[in-house]
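The structure appears right after this line, and notes come after that.
Computation of the quantities below employed the complete heavy-atom set of this structure, encompassing side-chain atoms and omitting hydrogens, waters and symmetry-equivalent molecules. One-based numbering along the sequence shown.
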Amino acid sequence: MTLTYRKFLKQHISLAPLGIQPLSDPSPYFCTPKGAVSFGCAGTDGIHYCFIEGFDEMVFAVSPMNTQGNYVHPLAENFSDFLRLLLACKSADALEQAWQWDQTQFDAYIHDIVQDESLTDAMNAITYRMHLTPMRHPLQYLHTLQANFDYSRLVFAAAEPGSTAGIETAVSHTCFGTQTPTPAKCLAGEYPATPSPAESKKWRVYFNGNLNGNCYGDAKGTRAGKELPVHKKFFWDGEEWLIPSIYSCSKGLVVDFLRKIPAGQIQDFINRWHLSPDNILEDFDNDQQLLLELDNPFSFHPLTEATVNGKILPSSQSCGDCWNPVFCEFDQTQAQEVLRHYQLDPAFGWQIWRSFFPWKTARKPQIQTLSIRLSAQKQLIPGPHFHTRAPGDSITFTCPSTGMAHTLTVREYKNERLDIGASRLANPWKEYPTWYTVVGCTASPPLPQGSLSLVDCSDGDKPRELRQRAQTTSAESVSVIIGGADGPTALFLSGPDMLYAASAPHFTPPEEVEWRLAFQEQKRPDIRVELYPQKH
């Protein structure tokens, strides 16, 4: 289970409006690969979505009703890309079926998807809580990933109905990386040996590939990019960064970014939070997790944009990894390959980031000038808690970025109940809570739109078992519309001055709600790095 996925779980975002239901039965099908960890299902035809042990963060779809040889398809290199694909396609069904469609069929399917309020809320929650944007060219991403995947690596359990063979209850992960841990642990001060050139596969970088050197373009016609060493070192907000090389590919430019992190800084972070491979996220509440993420030396991920010969090239996608010299009991083979190729010191931590910039010209240009702009993504900073019972309730708080005092006042307050919905059934054997509270607030002096959010501190009431099968009611639709058992809903904004939020659901109208303020701030200024022409 990856850090991104665990963070997603803690955000209590329901994927049901996007076609991914909670699993009611984890038993594998005959075509479920061995080592699969399923996290959701389509609710029909046995289709389920999973990670598979030994494939890092990759997300797969398993479809028992497909023809032989088409039961399993990879959908995304990692869970972040999977969420970005959902944002682009509005439905997991589109991802699961994309292997058999051309662009016209794919576009037609997405065009027919009706985007109702529950789907909009789910997509907004992914966007604002996970800080993600829709994937560009989703069908191209899916087809290239699937065309170059080695299906022979999959091992099938062929389990009988009711058996749990091939299903693991958890997959180990690291707070600083996404690799599967090995049983052996290294001693303090000892680092796994970096593979020698003879032991390592040949270094290749492809456009729309990954750090492993896998190619996701036309397997026959795609060549590895030409490496152009630049050895550019720069400092950003007091931190040392390196752009060792760029790669000129037929479809675009690839740039590697390396952020150097002192091992002492990593160890201090681990000591402050009493971290170990066994207590990375589960032992912390939501506020602590936000603070931990802010403090984590590996949590920074830049936004990048290239300017080549005067033309701005936005990044189409990116991938990354990290080398952690402290938690070295984890398998970090991919990061070790990067360290070996660029001859980096393994005594330091390294955050590795690879960005892809498609050309805007029909042919690969000759690079005359090149600069890279790096921007920091906004970070979520937890603020004070306050309770509401009625309009007029207020709280005075200080904006952490400006130090200015503001007053948040509740202007609207009402308890609402979900109407009978036409959403697909969540679980016919459970009753779901249907009451929730909606508040509308204003801040004085006003704050920029999107800089402040409200989140219910409560997880709400849990679904309860029914003694007999229930009819489809509004209670059964709650997990699709408001979040249900998945916890608090996302905030939503209406107008430039009013901030709205909905609480977690309850079986009876809540008498009061405890909210947490959260601020979104950009912690460092943008920076532009000139790479060509090189100055000597």
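- No side-chain heavy atom of Pro302 sits under 4.5 Å from any side-chain heavy atom of Phe257.
- Expressed to the nearest 0.5 Å, how far SG of Cys457 lies from CZ of Phe386 amounts to 9.5 Å.
- Using a cutoff of 4.0 Å between basic side-chain nitrogens and carboxylate oxygens, Lys414 and Glu412 are not scored as salt-bridged.
- Under the 3.5 Å distance criterion, the side-chain polar atoms of Glu521 are matched with a main-chain donor or acceptor of Ser401.
- How far CD of Gln332 is from CG of Asn324: 5.5 Å, rounded to the nearest 0.5 Å.
- Contact check for Pro358 versus His137: no side-chain heavy atoms found under the 4.5 Å cut-off.
- Ile126 places none of its side-chain heavy atoms less than 4.5 Å from the side chain of Gln11.
- Between the side chain of Asp461 and the backbone N or O of Phe507 there is at least one donor-acceptor pair closer than 3.5 Å.
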Test log, rule side-chain hydrogen bond (donor to acceptor under 3.5 Å, both in side chains), inputs Asp295 and Trp273: CA-CA 9 Å; Asp295 196 28; Trp273 290 92; 2.9 Å; yes
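- Between the side chains of Gln146 and His73, no donor-acceptor pair is found at a separation under 3.5 Å.
- Phe397 has its side chain within reach of Leu452: a pair of non-hydrogen atoms, C-beta onward, lies under 4.5 Å apart.
- A donor-acceptor pair is defined here as one N or O able to donate and one able to accept, closer than 3.5 Å; such a pair exists between the side chain of Asn148 and the backbone of Thr144.
- Side-chain atoms of Asp81 and Met135, non-hydrogen and from C-beta on, do get closer than 4.5 Å to each other.
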Candidate pair Val513 and Val439, rule side-chain contact (heavy atoms from CB on, under 4.5 Å), full reasoning: CA-CA 10 Å; Val513 178; Val439 296; over 6 Å; no
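- Considering OG of Ser63 and CD of Gln97, their distance stands at 8.5 Å, rounded to 0.5 Å.
- The two residues Asn415 and Pro509 make their nearest non-hydrogen contact at ND2-CB, 3.7 Å.
- When atom types are taken as modelled, the side chain of Ser299 and the backbone of Glu293 share a donor-acceptor pair closer than 3.5 angstrom.
- In this structure, the ring of Tyr29 has its center no less than 6.0 angstrom from the ring center of Tyr71.
- Annotation for Phe8 and Ile13: closest pair CZ-O, 3.6 Å, computed over non-hydrogen atoms.
- Going from atom CH2 of Trp515 over to atom CG of Asp456 covers 5.0 Å, rounded to the nearest 0.5 Å.
- Checking side-chain atoms of Ser458 against main-chain N and O of Gly460 turns up a donor-acceptor pair under 3.5 Å.
- With Phe60 as reference, Phe149 is the one residue of Phe149, Tyr151, Tyr49, Phe51 to meet the ring pair (Phe, Tyr, Trp, His ring centres under 6.0 Å) rule.
- Shortest non-hydrogen contact noted between Ser14 and Ala122 is O-CB, 3.8 Å.
- With ring centers used as reference points, Tyr109 lies 6.0 Å or more from Phe106.
- Between the CD atom of Glu96 and the CG atom of Leu142 there is a distance of 11.0 Å, given to the nearest 0.5 Å.
- How far CG of Leu517 is from NE2 of His406: 11.0 Å, rounded to the nearest 0.5 Å.
- For the residue pair Ala92 and Ile20, the shortest heavy atom distance occurs at CB-CG1, 3.6 Å.
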side-chain contact (heavy atoms from CB on, under 4.5 Å) between Thr304 and Phe357, worked out: CA-CA 9 Å; Thr304 57; Phe357 307 93; 3.6 Å; yes
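- Side-chain contact between Asp107 and His111 is absent, with no heavy atoms from C-beta onward closer than 4.5 Å.
- A distance-only check finds a donor-acceptor pair linking the side chain of His143 to the backbone of Trp101 [under 3.5 Å].
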Candidate pair Asn124 and Thr120, rule side-chain contact (heavy atoms from CB on, under 4.5 Å), full reasoning: CA-CA 6 Å; Asn124 284 341; Thr120 299; 3.6 Å; yes
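- Counting all heavy atoms, side chain and backbone alike, Ile395 lies closest to His385 at CD1-O, 3.7 Å.
- Contact of the Glu57 side chain with the Ser80 side chain is not registered, since no non-hydrogen atoms from C-beta on lie closer than 4.5 Å.
- Scanning both residues, Phe356 and Tyr206, for their nearest heavy atoms gives CE2-O, 3.4 Å.
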Met65/Thr44 under side-chain contact (heavy atoms from CB on, under 4.5 Å): CA gap, chis, key distance, verdict: CA-CA 10 Å; Met65 298 301 290; Thr44 59; over 6 Å; no
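- A donor-acceptor pair under 3.5 Å is formed between the side chain of Gln351 and the backbone N or O of Phe300.
- Side-chain contact between Arg411 and Thr409 is present, with at least one heavy-atom pair separated by less than 4.5 Å.
- Side chain of Gln377 to main chain of His301: a donor-acceptor pair is present (N/O by atom type, distance under 3.5 Å, no hydrogens or angles).
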